Every structure is written in C-alpha cells, then in structure tokens.
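To start, the structure itself, in structure tokens.
Along the sequence shown, the residues carry numbers beginning at 1. All figures in this text were calculated on a predicted structure; none of them were measured in a lab. Counting starts at 1 for both ligands and their atoms, in listed order.
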Amino acid sequence: MESPRVDAELLLAHVLAVPRARLLTLDDVPVDAATRFEELLAQRTDRVPLQHLTGRAAFRHLELAVGPGVFVPRPETELLVEWVLERLTGLDGPVVVDLGSGSGAIALSIAHEHPGARVTAVERDPGAIAWTRHNALSRIGAGDTPVGVVEGDMTDPALLGELDGRVDVVVSNPPYVPDGARVPREVAEHDPPLALWGGPDGLDVVRGMLGVAARLLRPGGWLGIEHADQQGTALPALVRAHGGYTDVEDHPDLAGRPRFTTARLG
Ligand SMILES: C[S@@+](CC[C@H](N)C(=O)[O-])C[C@H]1O[C@@H](n2cnc3c(N)ncnc32)[C@H](O)[C@@H]1O
C-alpha cells in the first residue's frame, strides 16, 4: 500500500466519526467500532479504494460523495480547476462546460469558487450521472450556485446546441488511459471502465471532443484537457492539428509530470 498508516488512521476516524487529529487523544476504541475497523482494513488490503470505504472524496474545498460506479476524483485535477478559475477572473456569470463530470468534482468546484458561474456538467455513463446529480443537489443545499447536469456524449456533434459560441471555458478530464495499460487494482477493479479507457493511444475520446468544444466556445474562449503522463506532446499536437485553436500549451502537475493541455479558440 502506498500510505498504509494514513489510510488506517482515516478509516479509524471514519468508524468513530471523529476528525483524524482526534485520534491522538483517543484512549479507547469501543468493541463494535474495532470490529468495523477490522472489516474496513480487510477491504482496503483487498484494494478497495479508501474513498469507497468512507464514501467521501476530498477535492479542493469540497467533500464529494463517491462509491461504486463513479470515478474517484484525483488531487492532480485540482490544478486544472485552478487554471479554469484564473481564466474566469473578473468575468460576471461566465459560461463553463465540464465534459465527463463523474462525481462533479470540476463543475461543482468551479461553481463553489466562482459564485454566479453558469456551469453545465455533461456525463454519459448512467451509473456515474447518478453521483453527479446527487452531489450537484447537495451543493445547492450548501448554498452554492446550481450546476446543470446533462446526460450526453462529449463527442456528439449536436451536444448542448443551445450554448453554441457562448461558452467561456470548456474543461474536461476525459478517459485517457491507453487500452491495455497496466493500472493498480484499485483503479482496474473499482473505477468505471468508461472513465478510464481511451482507445489504443488513450486519445480517442479527446479526438471526438475537440470539434464539439470548438463549436461551443466563443471566440477567445478557453479549452483545458487533462491527460496521461505520456501524452504531453501528443495531445498538444492533436489540438494544433485540429485547427481553429491558438496558444496551445501543456502544463505540468506538482510532481513535474505533463498533466493538462490548454488552448484558446482563435
Ligand atoms: C476520468 S473520469 C473524470 C471524472 C471527473 N471529471 C473528475 O475529474 O474526477 C472521466 C468521466 O468521463 C465520462 N465519460 C467517458 N466518455 C464520455 C463521453 N463520451 N461523453 C461524456 N462523458 C464521458 C466517464 O463516465 C467519467 O465519468
């Protein structure tokens, strides 16, 4: 396991319904909690993702509900959101589309951190969109600007026709793992296949989406797409070859690995 101590502490804190820091001053664990803790440890050892066991995933300032059927949001995607928020600075009621929204991590963070943004989350997988909707509804309860959730395919040429030429930022963390790539058991057995696999080079869905994004964006609007470590040259090349986009740039994550490509509609 990558971080067994942290995972164990978070599971114990979850069972006891206390913050992790509270464990430092804990004198005793009731027997029923200890039994439940052991069950969860066994599942974690069997590579069930920590977030499926606690039912929550932290992402930027939010805690999202997650579980079987939805992709667990990853910390590296927080940087893509940061980039989107920078593009929105000073805009009143900007229009944003999140393609392949899953738990809603990107869409809901943008609505939370740029109040008044008009955000639409698009998701194709019927299993995943139940989580998108659930999390979107909880954020309205928490006082955030509502996010529209639309069941649709990000490669569909007719997607969101009503937003043609009106979108300030299109953002996506699409499925981008090349078919047949080796991934950890947590990922292979628990993230939904539609969230992962992107064809022989991992870029099939992106290829289908570039035209849709170009149609949705207003002139000067921005596109940001997350990608795999090994796609830091191929994805920018694909965007350049598509035509219509300018300022094509790739960005590293905090570990210095190529992580997302951005471009502007010319
Ligand atoms: C890597 S996950 C990202 C989820 C979320 N945006 C995040 O960053 O945590 C990709 C998501 O895209 C969805 N998806 C895959 N192909 C799609 C398509 N053609 N149209 C719309 N959504 C799609 C998957 O179901 C999955 O929820």
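- The nearest pair of heavy atoms linking Pro174 to Val206 is CG-CG2, 3.7 Å.
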Polar pairs, ligand 1 vs protein, N/O only, below 3.5 Å.
| unit_1 | atom_1 | unit_2 | atom_2 | d |
| --- | --- | --- | --- | --- |
| ligand 1 | 6 (N) | Gly100 | O | 2.8 |
| ligand 1 | 6 (N) | Ser101 | O | 3.4 |
| ligand 1 | 8 (O) | Asn173 | ND2 | 2.9 |
| ligand 1 | 19 (N) | Asp153 | OD1 | 2.8 |
| ligand 1 | 20 (N) | Met154 | N | 2.8 |
| ligand 1 | 22 (N) | Arg124 | N | 3.4 |
| ligand 1 | 25 (O) | Glu123 | OE2 | 2.5 |
| ligand 1 | 27 (O) | Glu123 | OE1 | 2.7 |
| ligand 1 | 27 (O) | Glu123 | OE2 | 3.4 |

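- Taking all atoms of both residues into account, the shortest heavy-atom contact from Pro157 to Arg215 is O-NH2, 2.8 Å.
- Checked by atom type and distance alone, the side chain of Asn135 pairs as donor or acceptor with a backbone atom of Ala65 at under 3.5 Å.
- Relative ring orientation between Phe260 and His251 is described as parallel, the plane-to-plane angle staying below 30° on a 0-90° scale split at 30° and 60°.
- The closest donor-acceptor contact from the side chain of Thr25 to the backbone of Arg22 lies under 3.5 Å.
- Between Leu163 and Thr120, the closest side-chain pair of non-hydrogen atoms falls below 4.5 Å.
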